[in-house]
2 protein chains.
Amino acid sequence: MTRHFAAEDTLFSAEDPVTVIGTLVKGSVKTYKLLPDGRQQVVGFLFPGDFIGSAIFRTNRCFAEALSPVEVCVFPHASLQRLMSEIPALEHQMLKLAHDDLDLAQEWMLLLGRKTAQERVATFLCLLFEKAKKRGHCGAPIDLPMNRSEIADYLGLTIETVSRQLSKLKSAGVISINGSHAIELRKADQLAELAAGGD
Amino acid sequence: MTRHFAAEDTLFSAEDPVTVIGTLVKGSVKTYKLLPDGRQQVVGFLFPGDFIGSAIFRTNRCFAEALSPVEVCVFPHASLQRLMSEIPALEHQMLKLAHDDLDLAQEWMLLLGRKTAQERVATFLCLLFEKAKKRGHCGAPIDLPMNRSEIADYLGLTIETVSRQLSKLKSAGVISINGSHAIELRKADQLAELAAGGD
DNA sequence: CGAGCGATTGAACGCTCTCAAAGTGAGTGG
DNA sequence: CCACTCACTTTGAGAGCGTTCAATCGCTCG
């Protein structure tokens, strides 16, 4: 069963019962956590092919919002539970996904806890270019479905700092920017070096 | 099979083949990631009863170091693989653990990306007191197996900032400190409020 | 009792945030 | 087609939180 969401729609909220589990088919999604006063931390950006939702928890642990018109191939919660208990390979696959997510989250803890603003932005761009490469993009500018505010909330920075760092990378010739939602990689080596941090 | 490690021993390193998977029986462990220049981010503290190591990856994604003399009940990698494929319930349990870890990691991303120094220290103490409570501790001062440097590397701060915030909480009467490795909770409500952030 | 390491405290600096203003681009209506 | 609007982005200047550097304290161990 496929479900559709408009841009800026909320797919699900923390604390609510799990209703959306499945594979993202079209569009992109941000998942995030909130503090009582509204401060936001994006914990992940999802793209077509990515799995969304938890087949383990009864209630969601974070919020999910569509960044663009989204299409999700949804599994009914009950039938997924049954499938998982019947097909060990499926559960194994889920375990693999969970471990990949955990490793990425911990890599991001390193970024949020110990990297400078420049390193964070460089790391973020590296990740995006890498993901784009895996989906067949080659050379051409890639599309940023999220705005500066959402990038900032992913990197633990402010929009101004993100903007400044992007400008810096642009004037250094590492990337080129077209209209704030399209970025092209110019010097991959240099970007990777900045992302890893001075050594 | 049980393996023993002395304090400050490295249980395993990132990139190395997985050799240690099992349950922590005695002592405590920190897991962490490193940047090329030595900056460190602690991604978890493990206590008796906690599962350690990844049954999925062939190589470790982080480092693990003993904070005190440690005893681990280790499963041989091959036999664990076999057990997991034979006993679906075991794999399900691992999946549950992975999801719990993932949620904690994302909660920590929120802490590292968006919380102030005071909120970070308060959240950390809340977590410790909560864990201690689950293991039967009641009221009495709890032991901090890690030093200030390791707390700082968990919270994305410096030792000086951690020390200052602890002193602040102490003089506010929220906690009391005995010799830098024993902390007692005095005002749980107030600590929880500080941890959540102003609202 | 002295050495040495970790923790605490103090003072000044700096990176990022905050506040503010100007620039840009997409969408709308005349 | 152009002027207008509005939201988002960029850029600038100043402030603040946490860091850095430095000195003192306190505990443990020889």
Side-chain angles (χ1 to χ4, degrees), chain A residues 6-8 30 35 37-41 67-68 111-125 141 143-172 175-183 194 197-198, chain B residues 7-8 30 35 37-41 65 67-68 111-125 141 143-172 175-183 194 197-198:
Chain A
E8 295 176 44
K30 71 166 173 176
L35 287 174
D37 65 1
R39 277 174 288 173
Q40 181 173 143
Q41 176 66 43
L67 299 175
S68 54
L111 177 144
L112 293 169
R114 289 297 176 226
K115 289 192 181 180
T116 65
Q118 181 164 44
E119 290 162 0
R120 294 184 200 198
V121 172
T123 305
F124 172 67
L125 292 178
D143 177 60
L144 296 187
M146 69 294 284
N147 59 29
R148 297 290 182 270
S149 173
E150 288 155 340
I151 297 176
D153 285 337
Y154 192 34
L155 301 180
L157 301 169
T158 59
I159 43 179
E160 294 94 333
T161 300
V162 171
S163 181
R164 271 185 258 271
Q165 295 302 333
L166 286 175
S167 298
K168 213 171 171 181
L169 289 174
K170 182 182 166 188
S171 61
I175 57 173
S176 47
I177 304 180
N178 262 13
S180 87
H181 279 279
I183 293 197
L194 288 171
Chain B
E8 295 175 43
K30 71 165 172 178
L35 286 175
D37 64 1
R39 278 174 287 173
Q40 182 173 140
Q41 176 65 44
E65 189 182 311
L67 299 175
S68 54
L111 177 145
L112 294 169
R114 289 299 176 225
K115 289 193 182 181
T116 65
Q118 181 165 45
E119 289 162 359
R120 294 184 199 199
V121 172
T123 304
F124 172 67
L125 292 178
D143 177 59
L144 296 187
M146 70 294 284
N147 60 29
R148 296 291 182 268
S149 172
E150 288 156 338
I151 297 176
D153 284 337
Y154 193 33
L155 301 181
L157 300 169
T158 59
I159 42 179
E160 294 94 333
T161 300
V162 171
S163 182
R164 271 185 257 271
Q165 294 301 334
L166 286 174
S167 298
K168 212 171 173 182
L169 289 173
K170 182 181 166 189
S171 61
I175 56 172
S176 48
I177 304 179
N178 262 13
S180 88
H181 280 279
I183 292 200
L194 288 172

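Note on naming: letters A, B, ... go to the chains in the order of the sequence lines (proteins, then strands), and numbering restarts at 1 for each one.
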Query raised in the report: Under a 3.5 Å cutoff on both atom distances, Watson-Crick or G-U, what's the dot-bracket for DNA chain C ([ ] crossing, | other strand)?
Result: ||||||||||||||||||||||||||||||
Query raised in the report: Partners of A:Ser68 by side-chain contact (heavy atoms from CB on, under 4.5 Å), sequence neighbours excluded?
Result: A:Ser28
Query - Backbone N/O of B:Thr158 and side chain of B:Arg148: donor-acceptor pair under 3.5 Å - result: no
Query raised in the report: Any idea which heavy atoms bring B:Gln40 and B:Lys30 closest together, and the distance?
Result: OE1-NZ, 2.8 Å
Give every donor-acceptor pair under 3.5 Å between a side-chain atom in residues 162-172 of chain B and any protein atom, sequence neighbours left out.
{"from": "B:Ser167", "atom 1": "OG", "to": "B:Ser163", "atom 2": "O", "distance (Å)": "3.0"}
{"from": "B:Ser171", "atom 1": "OG", "to": "B:Ser167", "atom 2": "O", "distance (Å)": "3.2"}
{"from": "B:Ser171", "atom 1": "OG", "to": "B:Lys168", "atom 2": "O", "distance (Å)": "3.1"}

Query raised in the report: Which of residues 149-161 of chain A sit near DNA chain C, with a heavy atom under 4.0 Å from it?
Result: A:Gly156, A:Leu157, A:Thr158, A:Glu160, A:Thr161
**Report entry** Under 3.5 Å donor-acceptor, A:Arg120 side chain and A:Tyr154 backbone
**Finding:** no
Requested in this report: Answer yes or no: is there a donor N or O on one side and an acceptor on the other, between the side chain of A:Gln41 and the main chain of A:Asp153, under 3.5 Å?
Outcome: yes
Query - Contact summary for B:Leu112 and A:Gly113, nearest pair of heavy atoms - result: CD2-CA, 4.1 Å
Query raised in the report: From the 5' end of DNA chain D to its 3' end, which nucleotides mark the outer limits of contact with chain A, defined by a 4.0 Å heavy-atom distance cut-off (strictly under)?
Result: D:dT9 to D:dA13
Query raised in the report: Of all heavy-atom pairs between B:Pro145 and B:Asp143, which one has the smallest distance, and what is that distance?
Result: CD-O, 3.2 Å
Query raised in the report: Nearest heavy-atom pair of B:Arg114 and A:Leu157: which atoms, and what distance?
Result: NH2-O, 2.7 Å
Query raised in the report: Does the salt bridge (Lys or Arg N to Asp or Glu O under 4.0 Å) test come out yes or no for B:Arg39 and A:Glu119, once each step is laid out?
Result: CA-CA 13 Å; B:Arg39 278 174 287 173; A:Glu119 290 162 0; 2.9 Å; yes
**Report entry** Heavy-atom contact window of chain A on DNA chain C, given 5' to 3' at under 4.0 Å
**Finding:** C:dT16 to C:dC19
**Report entry** Nearest-nucleotide 5' precedence on DNA chain C, A:Gly179 against A:Val162
**Finding:** A:Val162
Report task. Verify, without hydrogens or angle tests, whether A:His181 (side chain) and A:Leu144 (backbone) share a donor-acceptor contact under 3.5 angstrom. Result -> yes
Report summary line: Note: B:Thr123 and B:Lys115 closest approach over all heavy atoms is OG1-NZ, 3.1 Å
